[in-house]
Amino acid sequence: MSSYADRLQALREQLKRDRLDGFVVPLTDEHMSEYVGAYAQRLAWLTGFQGSAGTAVVLPQEAAIFTDGRYTLQVRQQVSADDWQYVGVPATSVSGWLGAHAPDGGRIGYDPWLHTRAWVEEARKALAEKGAELVAVDTNPIDAVWPDKPAPSGATLAVQDDAAAGKSSAAKRAEIADWLAERKADAVVLSALDSIAWAFNIRGTDVAHTPVALAYAIVNADGTADLFVAPEKVTDAVRQHLGNAIRIHDRAAFAPALRGFQGKRVAADPERAVAAIFDSLDAGGAKILSPRDPVVLAKALKNPAEIAGQKAAQARDGAALVRFLKWFEETAPQGGLTEMSAADRLQAFREETGVLKDLSFDTISATGPNGAIPHYKVTPESSLSIERGQLYLVDSGGQYADGTTDVTRVMPVGEASDEMKDRFTRVLKGHIAIATAVFPEGTTGAQLDSFARRPLWEVGLDYGHGTGHGVGAYLSVHEGPQRIAQPFYPGGQSLEPLKAGMFLSNEPGYYKAGEFGIRIENLVLVVKQLISGAEQSMLGFETLTFAPIERTLIKPSLLTSRELEWLNAYHAQVLAVVGPLLSGDERLWLVGKCAPIA
């Protein structure tokens, strides 16, 4: 269709044919994924929005798109104000807006494979107050008007060998069976793609940048399992890896299988399993339990093999990033660089490692005003020329068979202003505050978040996103349940106690709309701290990412002696870890970047 306005009109006409007065379009898939395959990019197709979180509501006379604070600028650039209202969440919820705007007595459609049961109940209640009805559709109306909709990926599965995983699938399933026994349950439904990948030691390429495969699974109390996946995706090597204890079924057989648990106690995670899964279990007469997916915490607590793999991946990735930073510093001031060409060059440096599987997300390559958009996605249309006097922010990462990386650095093009240096140093102070934090077991990320903000708060500044997210082991670059954030920041609650073995990001920032953005991001590992005389168990962070923090943007006078000590020690580690992987000229450049700051 020629325009997004045409697509919106086509959807409205389809809704008339379906006898619906509205429809809700979330950015997710049947697995409640954050990042989704091309076939599930319904929100982007309908609106043009390229962010990773959002929802649209289409009514006969009005339409609204809901995004959080990360996308306030981006949504206005990508989605037409002629057709769409911009609504900020969580200040206004989708269900609350529906309750206020849906026509009296209207029928509002939703796809039960794209929403949680809790959302359905909330929206149904909000609509009932206006005499309106929430209606589950059998076929998503967008699919009916999307003429060139991509098919789901047919790529084959890959085996994640036990040496890299650190534990066999059989051992993991035995632990899940023990979890089921504690709850006197017969089976658990696994619908989150990274949970399935982890539990079965398989990977895939069905979702860009996240090594997962489109599948569902049911793990039974005896440790056996049923895996529902398109047959053409399963090779002989994968069948041999899975073994006889895992029965393979067509993905289309999943919903019917859920209706076969009459009288049985079946667990399904209400945050990760869509409403249709609960509807099918209900229809079959199962007794439903609603605890958290047992894989979520187990997956977050990395074992020694996963930690060793991450460290190897970080060193390799750090060397690629250093090569890029050197190239950028030498090339950018000459002119001719764009956000897109810089991102392409960074990807090439990673590809030169010979073992890059994929990027871990679309590179955020942002100069000047685009840097003030925290989750900016460069496109050929948006790509700006990188010019002198600007700050260039690059947030990027790689997927390797032994680890997932995510790192942000900021580089000046020419001389930075005093304001830029002040803000950069304050962000650095916040970064160091997290890196050096020591805290008792049981502490949550929400309790630590303000450590990173204090240097900005002291001068009346802040940033509108969380300070850290969990990271997978050759899995999703955004992994729960651990986070470092206040509950009201995008991404959900962060009330999970931090535990030794968790990977997180440490990424405070500052954004001046229309001018520049700053973020300093390393990945960290939660580790136990041995403190003489301590009266309780204490934890802290070990930094995993190694790349120089741009020294020309630092105002040493703003740093305390302890902060300078950390910075100099960190740069010494960067040189020790990454230096041996570089050529002579590259290493000499890094020596200069890592020289102690007095």
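Each residue takes its place number in the sequence, starting with 1.
Ring geometry for His101 versus Trp97: interplanar angle under 30°, hence parallel rather than tilted (30 to 60°). By the 30° and 60° cut-offs, the orientation of the rings of Tyr510 relative to Phe516 is tilted.
Remark: Arg292 does not engage Asp269 in a salt bridge, criterion side-chain N to carboxylate O under 4.0 Å. Salt-bridge annotation for Asp226 and Arg247: present, with a side-chain N of the basic residue lying under 4.0 Å from a carboxylate O of the acidic one. Arg42 has a carboxylate O that lies under 4.0 Å from a charged side-chain N of Asp143, or vice versa, which qualifies the two as a salt bridge.
Between Tyr376 and the choices Glu339, Gln74, Arg70, the side chain to side chain donor-acceptor pair (under 3.5 Å) rule is met once, by Glu339. Paired with Glu496 under the rule side chain to side chain contact (heavy atoms under 4.5 Å, CB included), one option of Leu297, Val296, Thr444 passes, and it is Leu297.
Looking only at distances, no side-chain donor or acceptor of Gln160 sits under 3.5 Å from a matching main-chain atom of Ile202. Panel note: side chain Ser80, backbone Asp82; a donor-acceptor pair is recorded below 3.5 Å. Between the Asp282 side chain and the Gly285 main chain, no donor and acceptor come within less than 3.5 Å of each other. In this structure, the side chain of Asn140 engages the main chain of Ile142 through a donor-acceptor pair within 3.5 Å.
Between the side chains of Ser360 and Gln399, no donor N or O sits under 3.5 Å from an acceptor N or O. Residues Asp293 and Ser195 have side chains that bring a donor and an acceptor to within less than 3.5 angstrom of each other. Side-chain contact of Gln9 with Arg12: a donor-acceptor pair under 3.5 Å is absent, judged by distance alone. No hydrogens or angles considered: a donor-acceptor pair under 3.5 Å links the side chains of Tyr71 and Ser52.
Atom-to-atom distance recorded for Leu127:CG and Asp104:CG is 11.0 Å, nearest 0.5 angstrom. The line from OG of Ser505 to CZ of Arg519 is 9.5 Å long, rounded to the nearest 0.5 Å. The structure places OG of Ser33 at 10.5 Å from CG of Leu114, a figure rounded to the nearest 0.5 Å. With values rounded to the nearest 0.5 angstrom, Asn201 atom CG is found 12.5 Å from Leu157 atom CG. Between Asp206 atom CG and Leu193 atom CG the span is 8.0 Å, to the nearest 0.5 Å. Note that CG of Leu393 and CD1 of Ile364 are 7.5 Å apart. Values are rounded to the nearest 0.5 Å.
Remark: Lys287 engages Arg265 in a side-chain contact (heavy atoms from CB on, under 4.5 Å) (not counting sequence neighbours).
In the displayed structure, Gln77 atom CD is contacted under 6.0 Å by more than 12 heavy atoms of other residues, nucleotides or ligands. The number of heavy atoms from other shown groups lying within 6.0 Å of CD (Gln262) does not exceed 12. More than 12 non-hydrogen atoms from other residues, nucleotides or ligands lie less than 6.0 angstrom from CZ of Arg17. Counting non-hydrogen atoms of neighbouring residues, nucleotides and ligands closer than 6.0 angstrom, the CD atom of Gln61 reaches no more than 12 such neighbours.
Closest approach of Ala225 to Arg173, counting heavy atoms only: CB-CD, 4.1 Å. The two residues Gly371 and Tyr511 have their closest heavy-atom pair at O-CD2, 3.5 Å. For the pair Gly96 and Ser93, the tightest heavy-atom approach, listed with the atom from each and the gap, is N-OG, 2.9 Å. Heavy-atom minimum distance, Pro374 versus His465: CB-CD2, 4.2 Å. Smallest separation of non-hydrogen atoms from Phe66 and Thr92: CD2-O, 4.2 Å. Here the shortest heavy-atom pairing between Ala257 and Phe228 reads CB-CZ, 3.7 Å.
Glu30 is listed as a side-chain neighbour of Arg251, based on a closest heavy-atom distance under 4.5 Å. Counting heavy atoms from C-beta on, the side chains of Leu523 and Phe503 never come closer than 4.5 Å. The shortest distance between side-chain heavy atoms of Phe451 and Thr467 does not fall below 4.5 Å. Thr28 is not listed as a side-chain neighbour of Thr55, based on a closest heavy-atom distance of 4.5 Å or more. The side-chain heavy atoms of Phe200 and Lys172, taken from C-beta on, include no pair separated by under 4.5 Å. With a 4.5 Å cut-off on side-chain heavy atoms, Thr404 and Glu479 do not count as touching. For the pair Trp84 and Leu46, the minimum side-chain heavy-atom distance is below 4.5 Å. In this structure the side chain of Leu20 reaches within 4.5 angstrom of the side chain of Val137, judged on heavy atoms.
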Exercise. Apply the test side-chain contact (heavy atoms from CB on, under 4.5 Å) to residues His31 and Leu214: give CA-CA distance (whole Å), side-chain angles for both, the deciding distance (0.1 Å), then the verdict.
Key: CA-CA 9 Å; His31 309 274; Leu214 295 172; 4.1 Å; yes
Residue pair Tyr35, His478: steps toward the ring pair (Phe, Tyr, Trp, His ring centres under 6.0 Å) verdict
CA-CA 9 Å; Tyr35 299 113; His478 290 168; 5.8 Å; yes
- Message: Could you walk me through whether Leu8 and Thr47 satisfy the side-chain contact (heavy atoms from CB on, under 4.5 Å) test, starting with their C-alpha distance in whole Å, then the side-chain angles of each, then the deciding distance to 0.1 Å, before giving a yes or no?
- Response: CA-CA 8 Å; Leu8 179 58; Thr47 69; over 6 Å; no
- Task: Assess whether salt bridge (Lys or Arg N to Asp or Glu O under 4.0 Å) is satisfied between Asp21 and Arg107, documenting all intermediate values.
- Result: CA-CA 5 Å; Asp21 301 297; Arg107 288 165 46 86; 5.6 Å; no
Pair Phe261-Asp186, side-chain contact (heavy atoms from CB on, under 4.5 Å): steps then yes or no: CA-CA 9 Å; Phe261 283 97; Asp186 297 291; 5.5 Å; no
Discussion item. Assess the residue pair Ile196 and Leu190 against the criterion (side-chain contact (heavy atoms from CB on, under 4.5 Å)); give the C-alpha distance rounded to whole Å, side-chain angles, the decisive distance to 0.1 Å, and a yes or no.
Written reply: CA-CA 6 Å; Ile196 295 166; Leu190 300 182; 4.0 Å; yes
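Geometrically, Lys149 does not engage Trp45 in a cation-pi contact defined by less than 6.0 Å to the ring centre and at most 45° from the axis.
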